[in-house]
Structure formats: structure tokens, C-alpha cells
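Notes follow the structure.
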There are 2 protein chains.
Amino acid sequence: MEQTLKVAKPPMPNMPPATGHMLKVPKIPKMTVRRLSDYYRILRTLESQGDTEPLSSEKMSRLTGFTAAQVRRDLAYFGSFGKRGVGYDIGDLQQSLRSILGIDHPWSLALVGVGNLGTALLSYPGYRAQGFHIVAAFDSDATKHGRRFGNLVVRPLEDLAETAREHNISMAIVAVPASEAQAVIDTIVAAGIKGILNFAPVKLQVPPGVFLEKVDLSIEIEYLSYLLTNS
Amino acid sequence: MEQTLKVAKPPMPNMPPATGHMLKVPKIPKMTVRRLSDYYRILRTLESQGDTEPLSSEKMSRLTGFTAAQVRRDLAYFGSFGKRGVGYDIGDLQQSLRSILGIDHPWSLALVGVGNLGTALLSYPGYRAQGFHIVAAFDSDATKHGRRFGNLVVRPLEDLAETAREHNISMAIVAVPASEAQAVIDTIVAAGIKGILNFAPVKLQVPPGVFLEKVDLSIEIEYLSYLLTNS
DNA sequence: GTTTGTGAACAGATTCACAGCT
DNA sequence: AGCTGTGAATCTGTTCACAAAC
């Protein structure tokens, strides 16, 4: 009844022609994984409100705005977490999602770029559940070296590899100008960091095995502009 | 040969059964529009580098990482901007995209929530091409009222409707805690603002005709966590 | 009776491949 | 000859609808 720690039952319908080494769960849509974060947030909220009733996909649908079928399908990619006729146990499902998302343990992050955005990200409380810790900050601007933010000291970018090793850093947040971004990314990759969240509005190259996600304010605002213009 | 100012030729293949009033371009995938911002950025970069050669979809493909077919299809949703055998004119296409995206004129924005993230967004230079101007800042915390950021003064949230009217504000950026977000959104909607970019990690309701986009740091980081965990 | 998990149907987006224009 | 614009084919993701489980 407990679904902990392992991503259960990767269903393997129509596998592609067997791609060499395949340590990966077959093929989960990116949007499914992102919705998992939403489900997880809802579960935390419900639990914090003392709600202990099993949760149906129908109720989750109302809380998230996704369809109930979508909720069930999303979860079913990873296993059978519910009880038919009953629903999903709030605590159990939460734990399962933590395990799937890899947030059942803390992560150490590096921040590169201590400008306006970077400093805001340092103090942003949005690293939910305290699982994500920025343990080092870097900047290529020497005038910023040694500056303190809380208990962090800004270091030269050249120290990244060493610090990453020392603190077991596995993700980096990049908040530098577009013109510097590729060089920074190269340094991060060279330091062995495999997950990067980039805020610079530019297309960047990473080698296979390194995951690069981007947040692009320009795209968001321009999309709103489009919607307001063409409606 | 010039493609200016109007979103040309909305191709209307299989229209749905004629939905009452339809001032809208038929049905453009959201991701298509977002890629338009990427294309636009590339064009600006090329132009700033003095590149004046016509641009093929193949070259755009190399610059953006999308396929050439995708580039052509995306653009073709909005009209015929290229010349067969030649490619797309950098200046003309730029102007067409500006027009489609609605960024051929400036936009006035309000910022609500002058915490860490909010203040960073105030000074963030990422509102590309200076088309997007934050002309007013609001906070519900009275201790922040009157505080200055550059030439902006933080005002009480109650002033939003009046200020929005005065300055013709049509978009708002929301950077408040999740617990306050829905109330803030309601105020923004009541002020007649129809485009909202939300940074609060919570599901929010807006009436039809109001566009709400979200940027959720937790989801981005948790998705990286997922990728690093399940690979 | 209720709600999950899932094949099958459907809808939507991407890619193919080529006719048509320059 | 070269490159766009676009039907047709393919691929991917979502929704339907119901048998299985409780």
C-alpha cells in the first residue's frame, strides 16, 4: 500500500527499436512531469489544512483546473497510487511524488550572476519546502567578489569547479547577461554540473547528458502582448 | 513586398462551426507564438551584427535549434513572409513579427508586490527593446508606500484602478506571496487590466477575456530535479 | 455505488516531401 | 537551382468511456 522511493512500474508499450542502454523511464511527456509539481503543491496545501480525506481525481481536477482523466493518466505513468472506489491517500501520494520528482532529499545549487535578478533569486523563498539550497554564489565581475548576501560570499567564477566538488553542487542557476551566458554555461558544464536553470534570453548549447531549462521573461511578456493584440 | 502593420492572411482551413463573433486569428498553437519571440530575437541580433543577407529557414533552424520545417510552418500561420528561392528579408520579417506580437508600440505595465523578486523585476533590463515600461509599483504593505525605486514611488494597492486609467496600463506583473495572489488578481481585474504575468506559485482564477500567464520557479527547479533523478 | 487505471478514439502539433514560385 | 508554403503523413498528448477493484 505504501508507494515509496521507487518510480514504480514503467509501463513499456511500444518501445522504440531498443536504443542501446536505456536506464530511462520510457517516455513521460514533459508537461506531465510539470503537472506533478502542481499536484504535489495541492497535496501539501491540503495536508497543511488538516485535510485527511482520500482525494479523488475529480477533486484534484477542481483544485488544479486540469481534467480528472488527465490527473489519473499523469499519475498512472508512474504507477498505481490510488484505490479504486476511494481515491488517493494524501500523505502517500505526496511521498510518491516527492520520490518521483527527486525532492525527497535536499539539493545544493550554485547561483552564477549576482546582479539584480541574481540577488533577488538568492533571497527568494520560492525554493519550496526548503529542499533547494543555494550554497554558493559566483560572479565574473571582480568588484563583486567578497560581497556578502546573508551567509554567502560572492566568489570568482574560476572557483566554481572546486566549490561544486566541495559542496556537492548538482544544479546551477544562471542569471548573467546574454552576452556572457554561453561562457558561463561552459564553465558550469566543465565543473560537472548537470542541471542548469537559465534566465539569460539567449539560445545556449549544452552537451548531451546536461539538462538546460530556461525562464525567459521576454517571451512571457511578448506572449501576453500577442494575446492582448490578437483577441 | 513590404509586410507591415497588419497580421496578414489568417488562413482559414477547417473553421469550427462559426463561433458567434470571431475577431480572432483561427487557431495558432501557443508554442508557435512563443517561438516567434525567439525568431524575433535572432533577427534583431543578426541585424545588429550588420547581417543583411536574406535568411533561409535552414539558417534560422541552425540559430534556434528548431527544425526548418517548423520555422516555415510557424511563420506561414500568419502569412507569406518569404521569397521562394531566396529566404526571408531580415528587416521585413522583423517588422512583421513586431506587428504580430503587438510589440510595434510601447506597453505600460504595473508591478504589484515590491518584495525581493518585485524589486529585481523593476530593474531587470530584460524588457527587451524598451517596449515594456513599468510605470507604477504597488504593494499592500503600508510600510513600503512612498518608497522610491528609480523614478517610481510605491503606492497602495487601492490606487491601482485610478493609476491604471491615468497611465493606460494594460498589463500587470504580480510578485506577491501565494496567500495574497488571488486578492491581488481580483483587484487587477477590477481595474480593467487584461494581461497578467504571475510569479506566485498558486492556481489563480481570472474571468474570460483576461489572460494570465505564470512563471513558476518551483516547477522549473523540480523539473530539473526530476531529470537529474530519472536519467 | 464509487473511483481508478487504461485501451481506444480523438485532437493537436510536428515533420515529410514536394509542387510552385523566384 | 534554391527555398518557401503547404497538403498529407506521422507523431504526441489528451479525452473518452468502461472494465476492474474496492
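These values consider heavy atoms only, across backbone and side chains, with no hydrogens, waters or symmetry-generated copies. Note that the structure is a prediction, hence the values are computed from the model and not measured. Per chain, numbering begins at 1; letters A, B, ... match sequence-line order.
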Look at the side-chain N and O atoms of [X] and state whether any lies under 4.0 Å from the OP1 or OP2 oxygen of [N].
X       : N      : answer
B:Gln70 : C:dT15 : yes
A:Ser80 : C:dG5  : yes
B:Tyr88 : C:dT22 : no
B:Ser57 : D:dC3  : no

Does the distance from a Lys or Arg side-chain N to an Asp or Glu carboxylate O, for [X] and [Y], drop under 4.0 Å?
X        : Y        : answer
B:Arg41  : A:Asp216 : yes
B:Glu213 : B:Lys30  : yes
A:Glu220 : B:Arg34  : yes

Between [atom2] of [N] and [atom1] of [X], the distance in whole Å:
X       : N      : atom1 : atom2 : value
B:Leu93 : D:dT4  : CG    : P     : 11 Å
A:Ile28 : D:dG13 : CD1   : P     : 10 Å
A:Arg34 : D:dT12 : CZ    : P     : 19 Å
B:Met60 : D:dG2  : CE    : P     : 21 Å
B:Tyr77 : D:dG7  : OH    : P     : 12 Å
A:Asp74 : D:dT12 : CG    : P     : 17 Å
A:Phe81 : C:dT3  : CZ    : C1'   : 17 Å
B:Glu53 : D:dC3  : CD    : P     : 12 Å

Quick one: which protein N/O atoms are closer than 3.5 Å to N/O atoms of nucleotides 8-10 of chain C? Pair and distance per line, please.
{"residue": "C:dA8", "atom": "N6", "partner": "A:Arg73", "partner atom": "NH2", "Å": "3.2"}

Looking at the side chain of B:Lys27, which of C:dT15, D:dG13, C:dA13 is the nearest nucleotide?
-> C:dA13
Protein-proximity profile, nucleotides 17-22 of chain D, B/S/- by nucleotide at the 4.0 Å heavy-atom cutoff, equals B-BBBB
Parallel under 30°, tilted from 30 to 60°, perpendicular over 60°: which one fits the rings of B:Trp107 and B:His105?
-> tilted
Using the six-membered ring wherever Trp is involved, compare the ring planes of B:Tyr39 and B:Phe66 and label them parallel, tilted or perpendicular (cut-offs 30° and 60°).
-> perpendicular
Would you give the length of the straight line joining atom CG of A:Leu117 to atom CG of B:Asn116, rounded to the nearest 0.5 angstrom?
-> 11.5 Å
Atom CG in B:Leu63, atom NZ in A:Lys203: separation rounded to 0.5 Å?
-> 9.0 Å
Report yes if the side chains of A:Ile103 and A:Tyr40 come closer than 4.5 Å at any heavy-atom pair, otherwise no.
-> yes
Can you sort out the partners of B:Asp74 under salt bridge (charged side-chain N to carboxylate O under 4.0 Å, His left out), two or more places apart, ordered by chain and number?
-> B:Arg35
